[in-house]
Trainee: 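One structure, as structure tokens, below. Some questions next.
Quick note: numbers below take in every heavy atom, side chains included, and nothing from hydrogens, waters or symmetry partners.
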2 protein chains.
Amino acid sequence: MKPPSRPEALRRRIPDAAVTRLPVYLQILNKSITEGVSQLSSDQLAGLAGLNAAKVRKDLSYLGSYGTRGVGYDVAYLVYQIKRELGLLNDWKVVVVGAGNLGNALTNYAGFSSRGFEVSAVVDIDSAKVGKKVGGVVVRHVDDLLSIVNNDKVSIGVIATPPASAQRAAELLVAAGIKSILNFAALVLTVPSDVSVRSVDLGMELQILGYYEQLNRPVACQ
Amino acid sequence: MKPPSRPEALRRRIPDAAVTRLPVYLQILNKSITEGVSQLSSDQLAGLAGLNAAKVRKDLSYLGSYGTRGVGYDVAYLVYQIKRELGLLNDWKVVVVGAGNLGNALTNYAGFSSRGFEVSAVVDIDSAKVGKKVGGVVVRHVDDLLSIVNNDKVSIGVIATPPASAQRAAELLVAAGIKSILNFAALVLTVPSDVSVRSVDLGMELQILGYYEQLNRPVACQ
DNA sequence: ATCTGTGAATCAATTCACAGCC
DNA sequence: GGCTGTGAATTGATTCACAGAT
């Protein structure tokens, strides 16, 4: 047993559950900075995030030992460490498929660029929409997907099409070399096993919320 | 053996992780019906959902024993049972706060009404938007929230405002008696402990996706 | 022969509780 | 005295594996 020198390759894995909470901490910490807060204890952070202090400490300990005993965490430094871990120190290029209502909303979404993501392009299959501007980005034809992804080094695809076109959109993204897809269509996508998909479906979210509402009431997780 | 009369109160609790998968099964089953499929085995369902058969069987067993050994599950009956469990046999009324891009997209969202949810109203604080139509629903002023919620028995609020207004929107919903909130604003909301919040944040989803992308690649859960 | 339903076993996540540092 | 970092204990979720139903 002699683990000290930690080669980047076999960096200890952060548990999935903790990974999903890191962006939450990041958001809270960023907000705290704008409010002039420079130190936070695990207890305070937990209060802001709706979690408990032990979980916060455990989560942050996966990043390394960046707190100060008796004091708390330096907000700015923690922001840096979380960004480093999430790979947010360099920008990510994103392509949005579908220039309808949702594609529009997503592309206009302010929280995008402020968080290290840049919309390289919005593509649509409808030639009538090509050339129009959506949130400062010109809509291009879906046939250009491959060259957009290659030329612009796009690594993430966002599907904002109607459900009927979503599987086709996923296949086009995969064919263009995309390995990470964020899917907003109400459809379970079928993709090769080396492609990551996260699906966000409004209907499903409501159904889950409804379940807890009908039950006792005070449940669910933010 | 006589389980029939199951006192609503002490119905066995379904694990949270299983609850979040029920809507996925529901979506797949509904699609199967339109394709004329009437029977599915846990193995087939697992393939369609990207899960394994044991998990599917365990999840479905929480609903009761509705499969047939040696055969599989009757699709239509399973749909009914999942809907019953999720409380989707009766409609839910929803109010959307924020008539911007996102509110627009959400209200127009087809998957809404088809899944037991009805948008009672869209409200906005901007009087200029009041009276305009969004997806067949007239935009009303946020001051009417209380009466809308009361008169129309609305039980779920959806926040589709800019982050700066989201906390205020949440407070208005809570004041109007709403106990379940679906939040699309990039902000962690502070609400009383008897209120359920589910937050969906595009930026966070991308960050999580980015983490797995930068790491090895093939990860994440649909 | 096939496929469900479910205890038992395993694996992951959370919480506890306290030693170590400020 | 206050707060972090972390093993140990606990709780929850997943997977195994097989008895039981058709």
Trainee: With a non-hydrogen cut-off below 4.0 angstrom, is B:Asp43 in contact with a base, only sugar-phosphate, or nothing?
Mentor: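 Result for B:Asp43 = nothing.
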
Trainee: Walk me through whether B:Leu187 and A:Lys31 qualify under side chain to side chain contact (heavy atoms under 4.5 Å, CB included).
Mentor: CA-CA 9 Å; B:Leu187 185 80; A:Lys31 185 142 185 286; 3.7 Å; yes

Trainee: What is the separation between atom CD1 on B:Ile14 and atom P on D:dG12, rounded to the nearest whole Å?
Mentor: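 It works out to 16 Å between those atoms.
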
Trainee: May I have the distance from B:Asp16 (atom CG) to D:dT14 (atom P), rounded to whole angstrom?
Mentor: 10 Å

Trainee: Is the distance between the ring centroids of A:Tyr77 and A:Tyr66 under 6.0 Å?
Mentor: yes

Trainee: Is the shortest side-chain N/O distance from B:Ser42 to OP1 or OP2 of C:dT4 below 4.0 Å?
Mentor: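 The answer is yes; a side-chain N or O of B:Ser42 sits under 4.0 Å from OP1 or OP2.
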
Trainee: Rounded to whole Å, please give me the gap between CG in A:Asp74 and C1' in D:dC3.
Mentor: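 One finds 15 Å between C1' of D:dC3 and CG of A:Asp74, rounded.
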
Trainee: Round to the nearest Å and state the distance from B:Gln44 atom CD to C:dC3 atom P.
Mentor: 8 Å

Trainee: In whole angstrom, give the distance that lies between atom CZ of B:Arg57 and atom P of D:dA21.
Mentor: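 The distance from CZ of B:Arg57 to P of D:dA21 comes to 16 Å, rounded to the nearest Å.
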
Trainee: Go nucleotide by nucleotide along DNA chain C from the 5' end; which of B:Gly67 and A:Ala17 gets its closest nucleotide reached first?
Mentor: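 On the 5' side of the pair lies B:Gly67.
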
Trainee: Say you draw a straight line from OH of B:Tyr80 to CG of B:Asp74; how long is it, rounded to the nearest 0.5 Å?
Mentor: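 Answer rounded to 0.5 Å: 13.5 Å.
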
Trainee: Is the phosphate of C:dT15 approached by A:Lys55 (side-chain N or O, under 4.0 Å from OP1 or OP2)?
Mentor: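 Yes, such a contact exists.
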
Trainee: For a quick test of reading the model: is some side-chain N or O of A:Tyr62 closer than 4.0 Å to OP1 or OP2 of C:dT14?
Mentor: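 Result: no.
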
Trainee: Without decimals, in angstroms, what is the distance between A:Lys58 NZ and C:dC18 C1'?
Mentor: 13 Å

Trainee: By nearest heavy atom, map A:Ala54 and A:Pro15 onto DNA chain C; which one lands nearer the 5' end?
Mentor: A:Pro15

Trainee: It should be established whether A:Arg21 places a side-chain nitrogen or oxygen under 4.0 Å from OP1 or OP2 of nucleotide C:dT14.
Mentor: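 The answer is yes; a side-chain N or O of A:Arg21 sits under 4.0 Å from OP1 or OP2.
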
Trainee: Atom OH of B:Tyr66 to atom P of D:dA21: distance rounded to whole Å?
Mentor: 18 Å

Trainee: Can a donor-acceptor pair under 3.5 Å be found between the side-chain atoms of B:Arg69 and the base atoms of D:dT22?
Mentor: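 No such pair is found, so the answer is no.
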
Trainee: Taking the inter-plane angle between the rings of A:Trp92 and A:Phe117 on a 0 to 90° scale, is it parallel (under 30°), tilted (30 to 60°) or perpendicular (over 60°)?
Mentor: parallel

Trainee: Which pairs pass side-chain hydrogen bond (donor to acceptor under 3.5 Å, both in side chains) with one or both residues in residues 18-29 of chain B, sequence neighbours excluded?
Mentor: B:Arg21-B:Asp59, B:Tyr25-B:Asp59

Trainee: Would you indicate, yes or no, if C:dG5 has its OP1 or OP2 atom less than 4.0 angstrom from a side-chain nitrogen or oxygen of B:Tyr73?
Mentor: yes

Trainee: Grab the CZ-C1' distance between B:Arg13 and D:dG12 for me, whole Å please.
Mentor: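 Value for this atom pair: 10 Å.
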
Trainee: Among C:dG5, D:dT6, C:dA8, which nucleotide has an atom closest to any side-chain atom of A:Ser61?
Mentor: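 So the nucleotide nearest the side chain must be D:dT6.
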
